[in-house]
Every structure is written in structure tokens, then in C-alpha cells.
Amino acid sequence: MATEFQRRVWEAMRLIPRGRVSTYGAIAKYLGSDAVRAVGTAVGKNPYAPHVPCHRVVRSDGKVGNYSGGEGVPTKIAYLKEEGVEVRNGRIVDFEERLYRFEDQQVTRSAGS
DNA sequence: AGCGTGACGAACT
DNA sequence: TAGTTCGCCACGC
């Protein structure tokens with residue numbers, strides 16, 4: 001069975017839209033915690049992959065990070081590519097633009113900048 | 001009940 | 001700029 005913390009992590013990444021990515025740190029913050037290590041551990045134990053899009057969670061520096069399912073990292077990259085997220089040399093192309101900040105759909109409209 | 005581990009992160013060298 | 005070190009919290013043994 002999963003712990004409360006892990007369920008929250010999985011539900012958080014469930015919010016990440018197709019074609020976008022998020023980071024372990026962003027999820028931790030979304031949960032109101034700084035336990036990025038714990039988030040990583042929880043994501044790795046996600047038993048609902050790829051139904052729960054754990055492959056959309058990458059590192060804060062733009063690197064794809066790790067993956068336990070399938071053939072590992074290559075599988076993760078393959079999923080991302082299918083969703084339109086390009087990966088070059090282990091990093092997300094246009095990372096900042098692809099990054100989902102858990103706010104996009106919460107912000108109704110604020111005239112951008 | 002204490003200790004080592006981990007799909008990370010930021011700082012340092 | 002890349003590789004290494006330390007810190008972080010949750011978990012399993």
C-alpha cells in the first residue's frame with residue numbers, strides 16, 4: 001500500500017498535461033514541501049505508470065532524469081517524444097516553455113505581461 | 001528506534 | 001562547463 005504522501009505525489013503529476021513536463025521540485029512545492037528527494041522516491045514507486053504520467057516529471061536543470069519502467073530512460077524519452085516533447089542529448093528541448101507550473105489552468109486570465 | 005538509501009537540487013571546486 | 005559534495009525528507013530494514 002501507498003502512503004498518504006505518495007498518493008499526493010501521484011495525484012499532482014496526474015495534473016501535468018500532455019506535451020508538457022514538470023519537475024520533482026515543482027511537485028514538492030505544490031505539495032507544500034521541500035522534500036524533493038522524497039518526491040523522487042515516491043514517483044519511482046508509482047505503480048500506475050504510464051497511466052499516471054510519471055514520465056512527464058524531469059529534473060529542474062532540464063535533464064530528463066531517471067526512469068524505472070520499460071527500458072528505463074530510453075522508454076521515458078520515447079513517451080515524451082510521442083507527446084511532442086523533444087529530447088536532445090538527455091535534456092528537454094525548450095525546457096522552460098514545456099515546463100508546467102501547476103498554475104496555467106488555475107490562472108483565469110491576467111493579460112500575460 | 002536508529003540508520004542507510006534514493007527517478008533530486010543547489011552550491012562548490 | 002562538468003563532476004563532486006552536502007543537504008533534504010520520507011521509507012524500509
Side-chain angles (χ1 to χ4, degrees):
Chain A
M1 251 325 262
T3 65
E4 183 81 30
F5 181 77
Q6 295 175 333
R7 279 189 302 174
R8 293 208 294 163
V9 170
W10 301 334
E11 294 203 21
M13 60 184 171
R14 199 155 63 62
L15 303 176
I16 307 171
R18 229 182 116 85
R20 304 289 299 277
V21 298
S22 188
T23 68
Y24 300 92
I27 292 177
K29 187 179 181 184
Y30 175 75
L31 298 180
S33 168
D34 292 308
V36 295
R37 301 296 307 280
V39 170
T41 303
V43 174
K45 290 176 180 171
N46 164 39
Y48 308 107
H51 172 56
V52 173
C54 47
H55 56 275
R56 294 179 193 153
V57 184
V58 300
R59 296 180 52 140
S60 63
D61 59 359
K63 301 290 178 58
V64 292
N66 242 295
Y67 198 70
S68 307
E71 299 174 15
V73 178
T75 298
K76 180 172 185 175
I77 295 176
Y79 276 126
L80 290 173
K81 193 162 187 174
E82 275 186 54
E83 300 184 351
V85 179
E86 196 174 347
V87 177
R88 283 293 186 228
N89 195 24
R91 10 178 282 303
I92 305 297
V93 176
D94 294 327
F95 174 57
E96 308 237 340
E97 296 172 44
R98 294 295 188 179
L99 186 58
Y100 178 65
R101 305 165 198 283
F102 289 99
E103 297 152 33
D104 292 12
Q105 61 184 0
Q106 289 176 36
V107 177
T108 306
R109 265 263 38 76
S110 42
S113 61

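Owing to the predicted nature of the structure, the values given are computational and were not obtained by experimental measurement.
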Classify the side chain of A:Ser68 and the base of B:dA7 as holding, or not holding, a donor-acceptor pair under 3.5 Å.
yes

Does the base of B:dG9 carry an N or O that pairs as donor and acceptor with the side chain of A:Arg37 under 3.5 Å?
no

Which whole-number value in Å describes the distance from A:Asp34 CG to C:dA10 C1'?
13 Å

Write down the distance between NZ (A:Lys76) and C1' (B:dA7), rounded to a whole number of angstrom.
6 Å

Would you find more than 12 non-hydrogen atoms of other residues, nucleotides or ligands less than 6.0 Å from A:Tyr79 atom OH?
no

Mind checking whether A:Phe102 and A:Tyr30 have parallel, tilted or perpendicular rings, split at 30° and 60°?
parallel

Does one hydrophobic cluster hold both A:Val21 and A:Ile77, with members joined at side-chain heavy-atom distances below 4.5 Å?
yes

Donor-acceptor contact below 3.5 Å, side chain A:Arg59 vs main chain A:Val64:
no

Give the rounded distance in Å between these two atoms: CD of A:Gln6 and P of C:dC9.
17 Å

In whole angstrom, give the distance that lies between atom CG of A:Asp61 and atom C1' of B:dA11.
13 Å

So what does A:Phe5 touch, heavy atoms closer than 4.0 Å: a base, only the sugar-phosphate, or nothing?
sugar-phosphate

With respect to the phosphate group of B:dC8, does any side-chain polar atom (N or O) of A:Thr23 fall under 4.0 Å of OP1 or OP2?
no

Side chain of A:Lys45 - closest among B:dA7, B:dG9, C:dG12
C:dG12

Closest to the side chain of A:Tyr67, out of B:dC8, C:dC11, B:dA7, is B:dA7

Among the nucleotides B:dG9, C:dC11, C:dC9, whichever has the atom closest to the side chain of A:Ala38 is C:dC9

Please give, in whole Å, the distance from B:dA7 P to A:Trp10 CH2?
14 Å

Under 4.0 angstrom, heavy atoms only, what part of the nucleic acid is A:Ala35 near: base, sugar-phosphate, or nothing?
sugar-phosphate

Just the rounded figure in Å: distance from C1' of B:dG9 to NZ of A:Lys63.
13 Å

Atom-pair distance (CZ on A:Arg59; C1' on C:dA2), nearest Å
13 Å

Are the charged groups of A:Arg7 and A:Glu4 less than 4.0 angstrom apart, N to O?
yes

Consider the side chain of A:Asn66, meaning its heavy atoms from C-beta on, and name the nucleotide among C:dC11, B:dA7, C:dG7 that approaches it most closely.
B:dA7

Distance check needed: B:dA7 C1' versus A:Ile16 CD1, whole Å only.
13 Å

